[in-house]
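I have placed the structure first, in the form of structure tokens, so that the comments after it can refer back to it.
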Protein chains: 4
Amino acid sequence: MQLTIGGAGGAPPRRSLASDARRGQIITAAIEVLAEHGYAQSTFARIKRKAGISSTRLISYHFGTKDELMDAVLADAAGSMQAAIAERTRSEKTAAGMLDARIEAELEWIAGHLSAVRAMYEVCMNARSEDGTLRFGVEATAQANVGQLEPILRAGQRSGEFRAFDTVLMALTLKAAVDAAIARMTCPPRLSLAECVRELTTLARLATRRGPDADRDRR
Amino acid sequence: MQLTIGGAGGAPPRRSLASDARRGQIITAAIEVLAEHGYAQSTFARIKRKAGISSTRLISYHFGTKDELMDAVLADAAGSMQAAIAERTRSEKTAAGMLDARIEAELEWIAGHLSAVRAMYEVCMNARSEDGTLRFGVEATAQANVGQLEPILRAGQRSGEFRAFDTVLMALTLKAAVDAAIARMTCPPRLSLAECVRELTTLARLATRRGPDADRDRR
Amino acid sequence: MQLTIGGAGGAPPRRSLASDARRGQIITAAIEVLAEHGYAQSTFARIKRKAGISSTRLISYHFGTKDELMDAVLADAAGSMQAAIAERTRSEKTAAGMLDARIEAELEWIAGHLSAVRAMYEVCMNARSEDGTLRFGVEATAQANVGQLEPILRAGQRSGEFRAFDTVLMALTLKAAVDAAIARMTCPPRLSLAECVRELTTLARLATRRGPDADRDRR
Amino acid sequence: MQLTIGGAGGAPPRRSLASDARRGQIITAAIEVLAEHGYAQSTFARIKRKAGISSTRLISYHFGTKDELMDAVLADAAGSMQAAIAERTRSEKTAAGMLDARIEAELEWIAGHLSAVRAMYEVCMNARSEDGTLRFGVEATAQANVGQLEPILRAGQRSGEFRAFDTVLMALTLKAAVDAAIARMTCPPRLSLAECVRELTTLARLATRRGPDADRDRR
DNA sequence: CATGAATGAGCGTTCATTCAT
DNA sequence: CATGAATGAACGCTCATTCAT
């Protein structure tokens with residue numbers, strides 16, 4: 001989700017201690033509202049109420065426009081997720097190891113930040129420019145996701161750890177699988193985080209590793 | 001929220017020949033608008049324009065409320081997709097065969113109905129009831145998808161074709177993989193439909209089939 | 001409430017057996033809706049539902065416009081009330097006797113036709129012409145009410161039964177007192193019909209009769 | 001129906017000097033429109049025009065919803081009427097004196113505030129909650145009126161000034177008589193305010209006072 | 001006698017935003 | 001740093017009515 005906006009940027013007031021606290025308070029409220037009510041219903045009025053502030057004016061004061069607030073939400077959530085994942089994959093050397101570590105780290109972060117995940121989702125799928133195009137469109141989102149995973153897959157193919165496959169589609173699939181696991185962990189006939197990690201790492205290995213079964217199927 | 005009334009004020013007039021044509025015309029326009037502009041921007045005014053009709057009143061005349069229109073869009077699109085898939089999987093006998101046929105049929109339908117897919121997506125992820133809950137929530141959507149796929153996976157496990165895995169998560173993953181392939185087929189470094197089918201059926205086989213490699217990994 | 005429209009008149013279809021039944025069915029439904037929901041909310045849609053018919057078109061077919069329907073409601077209710085009262089006062093000869101009989105008859109009819117009373121009320125107080133003036137305005141309503149009562153009062157003054165007072169204001173007051181008794185009979189700390197009759201006839205006697213007390217107060 | 005929100009979307013901004021002026025301006029306009037056109041036709045658009053403001057948005061900004069505006073109208077009018085009456089009755093000691101003073105004061109206020117009276121009337125008889133029940137129903141209105149008058153009547157009975165009668169019905173009747181006098185003062189064959197006061201106080205005395213005539217009639 | 005299709009006008013409400021302090 | 005006042009545009013929806021059969 002790598003955004004150029006990153007951590008810095010937004011509205012007129014450029015940094016101060018109290019200002020940062022306010023911004024954080026509003027972002028947190030916005031994330032909860034996004035997760036609960038979806039993008040379209042995430043109005044300034046609702047965010048104001050959730051944040052316990054007195055006027056929507058305070059939001060536009062700190063973030064300027066709604067788009068900028070959403071940018072900030074996205075940057076905040078995506079940044080913290082990437083940081084968590086990066087820390088866990090740093091020590092891995094093999095492509096297979098990095099892949100497993102990524103899956104485990106991402107699942108763990110997701111399980112612990114369901115609202116933030118949902119919020120990122122809502123923003124990416126709904127935020128649009130004036131011309132109607134998605135501001136963080138399918139392409140952008142796909143590329144962001146792929147950007148992290150595909151280099152690992154390519155490295156694995158070069159090193160001979162992985163079989164031949166389309167690395168872009170595989171990256172998309174693995175990302176989608178991790179996202180799908182959210183539903184598996186949260187909806188009624190639940191699976192535990194640990195079980196999901198085991199299932200998905202197994203699946204990833206079977207899907208990517210070079211092996212007799214895989215070899216036979218490819219021509 | 002008022003119950004549907006009818007006459008002066010709203011309910012769907014009981015089907016007639018001319019009425020069905022109008023409904024179809026409006027549904028088609030709604031699908032296109034949903035795909036282009038997203039749920040929140042799919043206003044009656046935009047749909048009116050796209051359908052080339054003279055008044056938004058005509059929409060509420062035929063569908064009552066916006067929710068009912070969206071229901072009709074969803075029923076229309078989902079129905080035609082399921083019909084297409086059902087026809088293609090009917091002849092298959094083995095679980096593996098049915099799985100492959102499903103993936104191929106679904107990918108083909110998707111590739112030929114991108115707007116409808118996007119529209120279904122927008123409705124499912126955004127349509128909410130008065131109380132704020134998703135009308136076709138993650139659970140409902142997940143269950144619908146899982147409902148089609150999981151019985152096949154379970155049958156395959158019983159028949160010994162498939163290895164042991166969580167059938168629900170696998171169903172979710174395979175569905176997510178198919179959806180992810182949309183991006184692979186449409187965004188710049190494109191893959192053809194045939195290539196996607198081959199990649200995904202291969203992936204599905206590796207992930208589900210009982211085999212030496214899979215056996216070794218499971219304890 | 002003497003209306004020129006009376007029992008005859010209305011929309012295009014001029015009398016038939018089935019048509020009259022339909023008209024009656026719709027009028028009855030309209031009265032109930034008026035009593036329950038008030039004039040503004042007495043829409044064709046609601047009346048349609050209450051009458052159990054399939055389309056609002058049926059209403060406009062039989063009555064033309066909403067105003068004409070309301071005229072018919074008023075004529076129906078007012079006519080039946082006047083008829084009931086007239087029958088009871090016919091046998092009285094003295095002004096005092098006619099006054100008491102009127103009060104008793106009107107209170108009885110009201111107690112037995114609360115919905116119709118309420119409906120008449122709603123129509124008279126709310127039905128307006130295009131120019132914004134009340135179609136059965138305060139004047140018209142007042143005159144209708146006064147028209148029945150005032151001649152009796154004047155006769156009583158001429159015959160020496162009644163003291164001197166403004167007959168118009170007295171007529172308005174007595175009518176208002178009877179209407180006020182509705183609340184006394186229907187709201188929680190209820191009074192019975194018989195008690196109301198006794199209280200109001202007593203009050204009317206005291207207010208109208210020539211007597212030592214009254215004489216002393218007038219100069 | 002949404003709770004009041006505020007900021008972007010509606011709640012009454014907490015009183016300020018300029019704000020109160022605007023509120024007063026809008027309330028005055030609303031009263032005039034209610035008196036002229038009735039409740040159903042008292043739209044924001046009409047009130048805007050009458051108040052000479054540029055947008056209906058200004059109304060919802062200051063009052064939130066239409067119901068809240070109507071509440072404010074009612075509170076404003078009823079408050080000023082009660083204040084006027086209270087001031088005039090304060091000095092009276094006997095029940096009969098208080099009753100006469102009330103009638104005179106109320107008639108005077110009414111004669112000077114016909115629009116406000118009509119507006120209160122329109123709001124009470126027409127404002128309804130979501131469930132269709134009158135927000136200031138017959139019961140509530142009756143009780144409010146009765147609440148002022150009945151204690152006086154009861155006190156008069158205890159002190160022996162008044163005869164025995166149902167105090168609630170008498171209160172309702174006297175209130176209705178005063179309201180009826182509006183028509184007498186405004187419709188063509190007019191009576192002056194002073195004449196109405198004399199007629200009604202006489203009537204009230206005859207109806208309530210203990211006396212030979214009254215005694216004879218009661219058993 | 002009854003119905004279906006269509007319609008233009010208007011409703012109250014909500015939206016994010018801007019101009020002032 | 002924060003707030004109050006104001007605003008134009010758009011929303012979905014409901015209204016009674018009319019033109020066809």
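By convention in this document, chain letters (A, B, ...) are assigned in the order of the sequence lines, proteins followed by strands, and residues within each chain are numbered from 1.
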For this session: Identify, between Leu58(D) and Arg22(A), the residue whose nearest nucleotide on DNA chain F lies closer to the 5' end.
Result: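 Closer to the 5' end of DNA chain F: Arg22(A).
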5'-most contact on DNA chain E (nearest-nucleotide basis), Ser54(B) vs Ser42(A), goes to Ser54(B)
For a quick check under 3.5 Å, do Asp131(B) and Thr133(B) share a side-chain donor-acceptor pair by atom type?
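Yes, Thr133(B) and Asp131(B) have a side-chain donor paired with an acceptor closer than 3.5 Å.
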Grab the [atom1]-[atom2] distance between [X] and [N] for me, whole Å please.
X	N	atom1	atom2	result
Met70(D)	dG12(E)	CE	P	8 Å
Phe63(A)	dC1(F)	CZ	P	13 Å
Arg128(A)	dA16(E)	CZ	P	17 Å
His62(B)	dT7(E)	NE2	C1'	11 Å
Asn126(D)	dG12(E)	CG	P	14 Å
Lys48(D)	dT13(E)	NZ	C1'	15 Å
Ile59(D)	dT14(E)	CD1	C1'	15 Å
Ile26(D)	dA6(F)	CD1	C1'	11 Å

| When you look at Glu36(A) and Lys50(A), which way does the salt bridge (Lys or Arg N to Asp or Glu O under 4.0 Å) test go after all the steps? | CA-CA 11 Å; Glu36(A) 267 178 52; Lys50(A) 179 74 81 179; 2.7 Å; yes
Q. Should Tyr61(A) be listed as having a side-chain N or O under 4.0 Å from OP1 or OP2 of dC1(F)?
A. yes
Short N/O separations, protein against nucleotides 9-11 of chain F, under 3.5 angstrom:
unit_1  : atom_1 : unit_2   : atom_2 : d
dC11(F) : OP1    : Thr43(B) : OG1    : 3.1

dist Glu32(A):CD -> Ile27(A):CD1 (nearest 0.5 Å) comes out at 12.5 Å
The dot-bracket string of DNA chain F, counting Watson-Crick and G-U wobble pairs with both distances under 3.5 Å, using [ ] for crossing pairs and | for pairs to another strand, is .||||||||||||||||||||
Which pair of non-hydrogen atoms, one from Ala72(D) and one from Arg23(D), has the smallest distance, and what is that distance?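 Shortest heavy-atom contact: CB-NH2, 4.3 Å.
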